[in-house]
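Scroll down for the structure; my scribbles are underneath it.
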Protein chains: 2
Amino acid sequence: MNQSATIEFERSHCPVANVLDLFGDKWTLLVVRDLILGKTRYGEFAQSVEGIPTNVLADRLKRLEMAGVVVKKAYSGKPLRYQYELTEKGKDLVPILEAMVAWADKHVPGVKVFPRYSGYNSSLE
Amino acid sequence: MNQSATIEFERSHCPVANVLDLFGDKWTLLVVRDLILGKTRYGEFAQSVEGIPTNVLADRLKRLEMAGVVVKKAYSGKPLRYQYELTEKGKDLVPILEAMVAWADKHVPGVKVFPRYSGYNSSLE
DNA sequence: TCCTGTCACTTGCTTTTTGCAAGTCACATA
DNA sequence: TATGTGACTTGCAAAAAGCAAGTGACAGGA
């Protein structure tokens, strides 16, 4: 809805700052995690254990789409229904998530990696 | 100030969710970045280009300290002054930041990695 | 002694973002 | 006709962020 060029470098040219401008909140990377785990539909994201508020979910999906991290496709036409998929840009976030999993494994006792029910090439554990 | 055990697993046992509970906002990892780059003092963090509000900075340093990611030490006693340092737990965040830098390098055109003026073993580029 | 400055914050207040519950709309099924 | 499902939207209270200004301990200089 906005031209994407003007949104960039809101804060600085630092790569970390730019990643945080896109993903620096409590929910966005959890939606990405769900996509990596194989979830594709709004209702599936909404059902995840963390309990994302539905308005926040709708907002995050919109932002991820505008950022080119996911694509929204209709998978049914009669009752119009959508599904979301990671783009290559989105799949390239896997190493970030993996680094987080590694850190938590080492420093947050008791965490449990979720089983995945669809596969991307990288392992995420 | 609080017992740290009760704060954990606010949302789920997912490692990603737990990392986001600690670092899931626009500022915390920027402070960690500055620490990795060699900054140690409150005033130095406050001067970074992104312009973190001072109240937010004070809050983030407190949280990072409570999480065991940084330690606060007095480096002067006559005018009482403090400096902050990453613990091992904090230094272990470097791979997460590196993964972010790699993603931004590939997907956000024009980002520039900051030069570092003090060194940890990992490269961060 | 008085004045100015630095460092490390804190306070007050406005704006923005979250979180929660409920509502909507297009269809499907019984 | 009545109920249900999927994908959202709306309204509103509560929490967090952003901004400017203030504070307190001390240092150095006139």
Considering residues at least two apart in sequence or located in another chain, which fulfil the side chain to side chain donor-acceptor pair (under 3.5 Å) criterion with Asn55(A)? none
With sequence neighbours excluded, residues passing side chain to side chain donor-acceptor pair (under 3.5 Å) with Arg63(A): Asp59(A)
Which residues, ordered by chain and number, are linked to Leu80(B) in its hydrophobic cluster, where ILVMFWY side chains connect at heavy-atom gaps below 4.5 Å, directly or through other members? Tyr82(B)
Of the options Thr87(A), Val71(A), Val31(A), Leu86(A), which is the one that meets Leu64(A) in a side-chain contact (heavy atoms from CB on, under 4.5 Å)? Val31(A)
Who pairs with [X] by salt bridge (Lys or Arg N to Asp or Glu O under 4.0 Å), at least two apart in sequence or on another chain?
{"X": "Arg41(A)", "value": "none"}
{"X": "Lys73(B)", "value": "Glu85(B)"}
{"X": "Lys106(A)", "value": "Asp92(B)"}

Separation of [N] [atom2] from [X] [atom1] (nearest whole Å):
{"X": "Arg63(A)", "N": "dT18(C)", "atom1": "CZ", "atom2": "C1'", "result": "11 Å"}
{"X": "Glu44(B)", "N": "dA8(C)", "atom1": "CD", "atom2": "P", "result": "8 Å"}
{"X": "Gln47(B)", "N": "dC9(C)", "atom1": "CD", "atom2": "P", "result": "14 Å"}
{"X": "Tyr82(B)", "N": "dT10(C)", "atom1": "OH", "atom2": "P", "result": "11 Å"}

Regarding Tyr84(B), tell me which of base, sugar-phosphate or nothing describes its non-hydrogen contacts under 4.0 Å with the strands shown. sugar-phosphate
Give the intermediate values and the outcome of side chain to side chain contact (heavy atoms under 4.5 Å, CB included) for residues Thr40(A) and Glu44(A). CA-CA 7 Å; Thr40(A) 59; Glu44(A) 293 181 289; 3.5 Å; yes
Nearest to the side chain of Asp25(A) - dT18(C), dC9(C), dC7(C)? dT18(C)
Please produce a list of atom pairs where a protein N or O lies less than 3.5 Å from an N or O of nucleotides 19-23 of chain C.
{"residue": "dG19(C)", "atom": "OP2", "partner": "Trp27(A)", "partner atom": "NE1", "Å": "2.4"}
{"residue": "dG19(C)", "atom": "N7", "partner": "Asn55(A)", "partner atom": "ND2", "Å": "3.4"}
{"residue": "dC20(C)", "atom": "N4", "partner": "Asn55(A)", "partner atom": "OD1", "Å": "3.4"}
{"residue": "dC20(C)", "atom": "N4", "partner": "Asn55(A)", "partner atom": "ND2", "Å": "2.8"}

Need two values: the first and the last nucleotide of DNA chain D, 5' to 3', having an atom under 4.0 Å from any heavy-atom of chain B. dA17(D) to dA27(D)
With sequence neighbours excluded, tell me which residues meet ring pair (Phe, Tyr, Trp, His ring centres under 6.0 Å) with Phe23(A). Trp103(B)
Those residues at least two apart in sequence (or on a different chain) that pass side-chain contact (heavy atoms from CB on, under 4.5 Å) with Ala58(A) are Tyr42(A)
Only counting residues at least two apart or in another chain, list the ones meeting side-chain contact (heavy atoms from CB on, under 4.5 Å) with Gln47(B). none
For each nucleotide in nucleotides 25-30 of chain C, reading 5' to 3', give B when a protein heavy atom comes within less than 4.0 Å of its base, S when such contact involves only the sugar-phosphate, and - otherwise. --SS--
Of Leu61(B) and Asp59(A), the one whose closest DNA chain C nucleotide lies more 5': Leu61(B)
